[in-house]
Amino acid sequence: MLVLALGLLYLTGTIPVLAAVALLVWGLVGFGLVPALQYQVATLAGPARDLAASLPASAVNAGIAVGALLGGWALTGSGLSAVVIVGLLMCLVCVPLTWLTARWTAR
């Protein structure tokens, strides 16, 4: 959903209503992933659940830092639309990683 929302934002970013819809979907899905991430980590951690509870917040903060760094490079090098492409690519890279984590959890 994040990839689709960012793709929609890239394609329709100059149309305010469609850009607002894309940003709304992106925000809802992006923030909606946090509880699922916390649940997944707690499930994988088993008895170390309390210690592992700090990992999702750390992962989100690391993602914010990496995203800001790559987005800043894209902005200075290629302009505003490149920032959306960088975000889309970051989400696209995470799709197979999420799939692998789900397969690992199923074992």
Side-chain angles (χ1 to χ4, degrees):
M1 288 298 298
L2 289 174
V3 171
L4 293 175
L6 288 170
L8 179 67
L9 181 61
Y10 179 76
L11 294 174
T12 63
T14 58
I15 304 167
V17 172
L18 294 177
V21 169
L23 288 172
L24 178 68
V25 171
W26 175 61
L28 289 174
V29 172
F31 283 106
L33 287 174
V34 175
L37 174 64
Q38 290 173 326
Y39 176 77
Q40 186 78 355
V41 168
T43 301
L44 290 173
R49 187 176 340 239
D50 293 337
L51 179 61
S54 66
L55 292 176
S58 299
V60 168
N61 284 322
I64 290 169
V66 170
L69 177 67
L70 294 177
W73 282 342
L75 182 63
T76 58
S78 301
L80 192 56
S81 63
V83 174
V84 178
I85 294 296
V86 167
L88 189 144
L89 291 175
M90 285 181 67
C91 291
L92 202 56
V93 165
C94 291
V95 169
L97 296 174
T98 303
W99 180 76
L100 287 172
T101 302
R103 288 201 60 194
W104 185 41
T105 304
R107 291 184 190 175

### Task
List for me each residue that meets side-chain contact (heavy atoms from CB on, under 4.5 Å) alongside Ala42, sequence neighbours excluded, and say none if there are none.
Arg49

Does [X] share a hydrophobic cluster with [Y], counting links as ILVMFWY side-chain heavy atoms below 4.5 Å and allowing steps through other members?
X	Y	answer
Tyr10	Leu8	no
Leu44	Tyr39	no
Val41	Leu100	no
Leu88	Val25	yes
Val3	Val29	yes

Please give me the minimum heavy-atom distance between [X] and [Y], naming the atom from each residue.
X	Y	answer
Ala5	Ala22	O-CB, 3.6 Å
Leu6	Cys91	CD1-SG, 4.0 Å
Pro56	Ala53	CD-O, 3.4 Å

### Query
Between CG of Leu80 and CD1 of Ile85, what distance do you get to the nearest 0.5 Å?
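Leu80 CG to Ile85 CD1: 11.5 Å, rounded to 0.5 Å.
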
### Message
Starting from Leu69 and following side-chain heavy-atom contacts under 4.5 Å between hydrophobic residues (I, L, V, M, F, W, Y), which residues can be reached?
### Response
Val66, Leu70, Trp73, Val86, Met90

### Query
Cluster partners of Leu97, using ILVMFWY side-chain heavy atoms under 4.5 angstrom, listed by chain and number?
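Once heavy-atom contacts under 4.5 Å are chained together, Leu97 still belongs with nothing else.
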
#### Entry: Option passing side chain to side chain contact (heavy atoms under 4.5 Å, CB included) with Leu18 (candidates Leu11, Leu9, Thr12)
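Answer to the side chain to side chain contact (heavy atoms under 4.5 Å, CB included) test with Leu18 among Leu11, Leu9, Thr12: Thr12.
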
